[in-house]
Amino acid sequence: MARPFNVAQVEAKWQARWLDEGTYEVDNDDPRDRFYALCMYPYPSGTAHQGHIRNYTFGDLVVRYQTMRGKAVLSPFGFDSFGLPAENAAIKAGSHPRLFTDARMAELKSSVRRLGAVYDWRREVHSHDPQYMKYAQTIFLAFLKAGLAYRAEAPVNWCPGCATVLANEQVLADGTCERSGDLVERKNLEQWFFKITDYAEELLNDIDALEWPERVKTMQRNWIGRSEGVEFDLPLADDGAKALRVFTTRPDTGFGMTYAVVAPEHPLLAELTTDGERAHVAALVERATSASELERTASSDSGAGLEKRGAFTGSFVINPFTNQPVPVYVADYVLGTYGTGAIMAVPAEDERDFAFATVHGLPIVRTTQPPVDFDGGAYSGDGAHINSGFMNGLNVIDAKRKATEYLAEHAAGVVKVNYRLRDWLVSRQRFWGCPIPIIYCDVHGMVPVPADQLPVLAPDDVTMDKSGQSPLATHEGFRNTTCPVCGGPARREADTMDTFTDSAWYYLRYADPFTPNVPFDPVEAAKWMPVDQYIGGIEHAILHLLYARFYLKAFVDIGLATGLPREPFRRLFTQGMIRLSGSKMSKSKGNLIAPEKYYETVGADGLRIFHLFVGPPADDVDWTDQTEEVIEGCGRFLDRVYRLAQYDEVNYHETPDDADLAVRQALHRTIVKVTDGLERWSYNTAVAALMEMLNTISKWARSDHGAERAALDEAIDTMLLLLAPMAPHLTAELWESRHPGDASVHLHQWPVADPALVREATVTMVVEINGKVRARLEVAPGLSEDGAQSAALADPTIVAVLAGATPKRVVARPPRLVNIIV
RNA sequence: GGGGGCGUAGCCCAAUUGGCAGAGGCAAGGCGCUUAAACCGCCUCCAGUGAGGGUUCGAGUCCCUCCGCCCCUACCA
């Protein structure tokens, strides 16, 4: 495509200038109102792909727009630079992950610069930077001191072939290792956890006030999974002094409990198991605990439809409602990690229990009367209670209350709230992450690394071998150390931290990257926090956002972030995915469309306009055969802007006339439309409004009638200002050529519409008869209902159509329409 | 199985939140410019809103049922 100007040259010129002049560097004591705009910091995967481009186009638009609104805008950039892909690449290449990472970072950085996205590069943060690691380790130790970090045994994915632990994403769908193909086993290891569950209630409650997409809020609520119920005792039938403790949300269905179930991991299982059943139970437990999660759930796509495997333990417990003994089963559909790890089973009102009871031939007793048209199975809806003694006739809510009282009196029942949310397992048996700063001494046990010995850095002289085992585990120079307490021989923790720990607080370091020795100075960070606009992908809707919320709350509580808000991200926007022939565009799928070719044709500005224009920013983008042509069209739009700004064959006239006024009105309405579009994430309509405006100005300027000079200058300048956050290079170039010596277009104030020009002098009012349009009237916008009605009924066309008939009813909605019903 | 989203011209999308279905772009066609083509400028064509029902003076918009596609989640008692 032939362009009217040298796109690459213009873009390079302005990119260099923004960088050299530090246009978007901002100080913490800037006197202007503040705005913190943040795109999720990326994993350094190499040159940018369209997903990045889309993300940074939106982010940069926010930065430039808010700057023009007079704000001091914090716009930082950095890298989530630890992680498995670099480790895998290093294994493959036989090199060090840092080499790979640094190279990919440089590529991505130059990509975002080429896009024209602007940042305060002085604030750049990398997770693998030794200083950042030092702060990450400081945070870990602060959590440990505050009781928020603890060690416990937990299962990991163990590959017997590689003799190492695998990350979840290294386990294939069939439960085998992606590298060796061996069947992955579960193995228990001592691992570190963060007590995020201490914050479950607050994390749940604070969701309400966030200006986030509803679906993200819903996902977080579901993930936390609060449920209220009763915990109570089921006495053992042959030893009334002992009891099995269970949790239920439906105590009202207690009369229907026909058996009880314990999880395979339940501590009482051995005691409950009779000699006759020991072999069956052992087989069940073996299968449930050694098999991977995948194997356990692979057989079906429906949780409720899963095969209900279980075994009778040989023991009985007493149902406290009926005082009758019921059998105790062990089954893998009961989880050891939730509630008490044991349940009362009520097949009539719980579909999982129903499925199990059906398979194992256990009795089913209804306690809630299902509706007449109910087609069988478990019924969990509301209804009158039956077969339920003192609860008969009550609905679910009332029966729950009664049952709860009853259990409190007869079965040590207490009201209990449980959460689906588990504590955060942060240990990773990997090399390319931040080492956990702990030392193990034979004499003094677990000892934190003293502050003056931080950061604990991974050694450089390692070879990543094909086994995938972390070299930290075997590197003697790293592992062997001395105990900080006694100086005796000791060993370092070989695990590293989950990379989600790095992304849980990076936004705080961005706000204050200058203070040494502490993760950040709360006084400095408070100047920017919370983030006013966070932008990223929907794939981080749950974990990253939840962990970041947890970190900040914990920071405030343990004194690391005194005075900061307890929520990090006030507003969140999640952009749509780019998909190519139906599937998500991603590096792992190898279906990326590189931006470079478009830089050569339509330039960064053209590509930015495309991403803004192609559809609503929250929607997915289908990259199709036509996309190329749409991108060309976006370049064409910018070319037309360029030509118009350079057009010098205008028939100027001196006194403004009606045509000039009409264009000015259109212009000021465009200011409103574009501003509104930018405020409510309707970038596609904002671009469309500018395209429309361009058409209007262009026709006007090229007409024989001509244009008034001041009005034309105003129109073109205003259009450049409105376009500046979207196409920053072209607008900067044109502004400079139109206003030599003036400040950059980006440093000008955002245009403000003149209300007198926005207001419509008259509005077209539609007159309908029985919903059918019969006449159009030009009326004043402030017309009253009565005025609208009489104007409509007086219109000759309407009089003619009515032909003397008396309207049954007249609905007047001035100044929009009048509907006459006859 | 549960939760959520989407379906409007050939295609991508608008529609002041219940008030004339069309802003913008792509594609197609035409005219002008051109020796010619491209570029450029101008113009034209195209749907009654996935299907059915309901509420309403009035439904793309609200409610119900169904169809199709997509995303999230997964035995949490």
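Each chain gets a letter, A, B and so on, in the order its sequence line appears, and its residues count up from 1. For clarity, every value in this text was computed on a predicted model and none was experimentally measured.
- For the side chain to side chain contact (heavy atoms under 4.5 Å, CB included) test, no residue two or more places apart in sequence or in another chain qualifies with A/P267.
- OP1 and OP2 of B/C72 both lie 4.0 Å or more from every side-chain N or O belonging to A/R221.
- Here A/I821 lies in heavy-atom contact (under 4.0 Å) with sugar-phosphate atoms only.
- Of the N and O atoms on the side chains of A/D786 and A/S784, not one donor lies less than 3.5 Å from an acceptor on the other residue.
- The nearest whole Å value for the distance from the CE atom in A/M219 to the C1' atom in B/G3 is 10 Å.
- Here the side chain of A/Y333 is nearest to one of B/C42, B/C13, B/C75, namely B/C75.
- Comparing atom distances between the A/I542 side chain and each of B/U73, B/G25, B/A23 picks out B/U73 as nearest.
- Taking all atoms of both residues into account, the shortest heavy-atom contact from A/T627 to A/D622 is OG1-O, 3.6 Å.
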For nucleotides 6-10 of chain B, which of its nitrogen or oxygen atoms have a protein nitrogen or oxygen under 3.5 Å away, and what is each distance?
unit_1 : atom_1 : unit_2 : atom_2 : d
B/G10  : N2     : A/Q626 : NE2    : 3.4

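- Taking atom C1' on both B/G32 and B/C39, the two are 14 Å apart, rounded to the nearest angstrom.
- Of the listed nucleotides (B/G4, B/U17, B/A77), B/U17 has the atom at the smallest distance from the side chain of A/R680.
- Side-chain contact, A/R813 with A/N819: no donor N or O sits under 3.5 Å from an acceptor N or O.
- A 3.5 Å limit on both hydrogen-bonding distances identifies B/C67 as the Watson-Crick or G-U partner of B/G7.
- Nucleotides B/G7 and B/A15 have their P atoms positioned 11 Å apart, rounded to a whole Å.
- Taking atom P in both B/C43 and B/A23, the straight-line distance is 14 Å, to the nearest Å.
- At whole-Å resolution of the value, CG in A/D625 and C1' in B/C12 are 13 Å apart.
- Going from the P atom of B/U49 to that of B/C11 covers 15 Å, rounded to whole Å.
- Using a 4.0 Å heavy-atom distance criterion, A/T764 is classed as a base contact.
- Counting only heavy atoms from C-beta on, A/E629 has its side chain closest to B/A27 among B/A74, B/C57, B/A27.
- Here A/K673 lies out of heavy-atom contact (under 4.0 Å) with every strand.
- Nucleotide B/A36 forms no Watson-Crick or G-U wobble pair with any nucleotide shown, as no partner meets the under 3.5 Å limit on both distances.
- The partner of B/G19, taking Watson-Crick or G-U wobble pairs whose two distances both stay under 3.5 Å, is B/C57.
- The distance between atom CG of A/D639 and atom C1' of B/G41, rounded to the nearest whole Å, is 14 Å.
- Residues A/E632 and A/Y598 have side chains that never bring a donor and an acceptor to within less than 3.5 angstrom of each other.
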Under 3.5 Å donor-acceptor pairs involving side-chain atoms of residues 245-260 of chain A, not counting sequence neighbours:
unit_1 : atom_1 : unit_2 : atom_2 : d
A/R245 : NE     : A/E231 : OE2    : 2.9
A/R245 : NH1    : A/D233 : OD1    : 2.9
A/R245 : NH1    : A/A412 : O      : 3.3
A/R245 : NH2    : A/E231 : O      : 3.4
A/R245 : NH2    : A/A412 : O      : 3.1
A/T248 : OG1    : A/R250 : N      : 2.9
A/R250 : NE     : A/D252 : OD1    : 3.0
A/R250 : NE     : A/D252 : OD2    : 3.4
A/R250 : NH1    : A/S380 : O      : 3.4
A/R250 : NH2    : A/D252 : OD2    : 3.0
A/D252 : OD2    : A/H385 : NE2    : 2.8
A/T253 : OG1    : A/R250 : O      : 2.7
A/T258 : OG1    : A/P363 : O      : 2.8
A/Y259 : OH     : A/Y333 : OH     : 3.2
A/Y259 : OH     : A/D353 : O      : 3.1

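- Counting only heavy atoms from C-beta on, A/T685 has its side chain closest to B/A14 among B/A14, B/C70, B/C75.
- The number of heavy atoms from other shown groups lying within 6.0 Å of CZ (A/R215) does not exceed 12.
- Here A/R221 pairs with A/D208 in a salt bridge; the nearest charged N to carboxylate O distance falls below 4.0 Å.
- Whole-Å rounding puts the A/D353 CG to B/A77 P distance at 12 Å.
- Taking both residues in full, the closest heavy atoms of A/D619 and A/R54 are given as O-NH2, 3.7 Å, listed atom of the first, atom of the second, then distance.
- Residue-level contact check: A/N684 touches the backbone only, with heavy atoms under 4.0 Å from sugar-phosphate atoms and none from bases.
- No donor-acceptor distance shorter than 3.5 angstrom exists from the side chain of A/R420 to the backbone of A/I224, with no hydrogens or angles considered.
- Across B/U16 and B/A21, the matching C1' atoms stand 14 Å from one another, rounded to whole Å.
- With both ends at atom C1', the span from B/G68 to B/U8 equals 16 Å, rounded to whole Å.
- Remark: A/N695 is in phosphate contact with B/G25, judged by side-chain N or O atoms under 4.0 Å from OP1 or OP2.
- A residue-by-residue look at A/N222 and A/N770 shows that A/N222 has its nearest nucleotide of RNA chain B further toward the 5' end.
- Ranking B/A77, B/C26, B/G41 by closeness to the A/V630 side chain, first place goes to B/C26.
- Atom pair A/I343:CD1 and B/A77:C1' shows a separation of 5 Å (rounding to whole Å applied).
- Note on A/V811: a base of the nucleic acid sits closer than 4.0 angstrom, heavy atoms only.
- Comparing B/U73, B/G1, B/C75 by their nearest atom to the side chain of A/E351 picks out B/G1.
- Nucleic acid contact for A/R422: base, since at least one base atom lies under 4.0 Å from a heavy atom of the residue.
- Nucleotides B/U17 and B/A77, compared at atom P, are 42 Å apart to the nearest Å.
- One can place OH of A/Y379 at 18 Å from C1' of B/G1, the figure rounded to the nearest angstrom.
- A donor-acceptor pair is defined here as one N or O able to donate and one able to accept, closer than 3.5 Å; no such pair exists between the side chain of A/R608 and the backbone of A/T57.
- Rounded to whole Å, atom P of B/A59 lies 15 Å from atom NZ of A/K772.
- Rounded to an integer number of Å, the gap from CD of A/E768 to P of B/U56 is 18 Å.
- Closest to the side chain of A/R636, from the set B/G24, B/C75, B/C40, is B/C40.
- Closest to the side chain of A/Y338, from the set B/G41, B/C12, B/A77, is B/A77.
- In the interface, the side chain of A/R813 is paired with the base of B/G19 through a donor and an acceptor atom under 3.5 Å apart.
- Pair assignment for B/A28 gives B/U44, based on Watson-Crick or G-U wobble hydrogen-bonding distances that are each under 3.5 Å.
- Using atom C1' as the reference point in both B/G60 and B/G1, the two lie 32 Å apart (nearest Å).
- An OP1 or OP2 oxygen of B/C26 is reached within less than 4.0 angstrom by no side-chain nitrogen or oxygen of A/T627.
- For B/U44, the base adopts the anti conformation, since its glycosidic angle falls more than 90 degrees from zero.
- Between B/C71, B/G24, B/C57, one nucleotide has an atom nearer to the side chain of A/R809 than all others, and that is B/C57.
- Its glycosidic angle being more than 90° from 0, B/G24 falls on the anti side.
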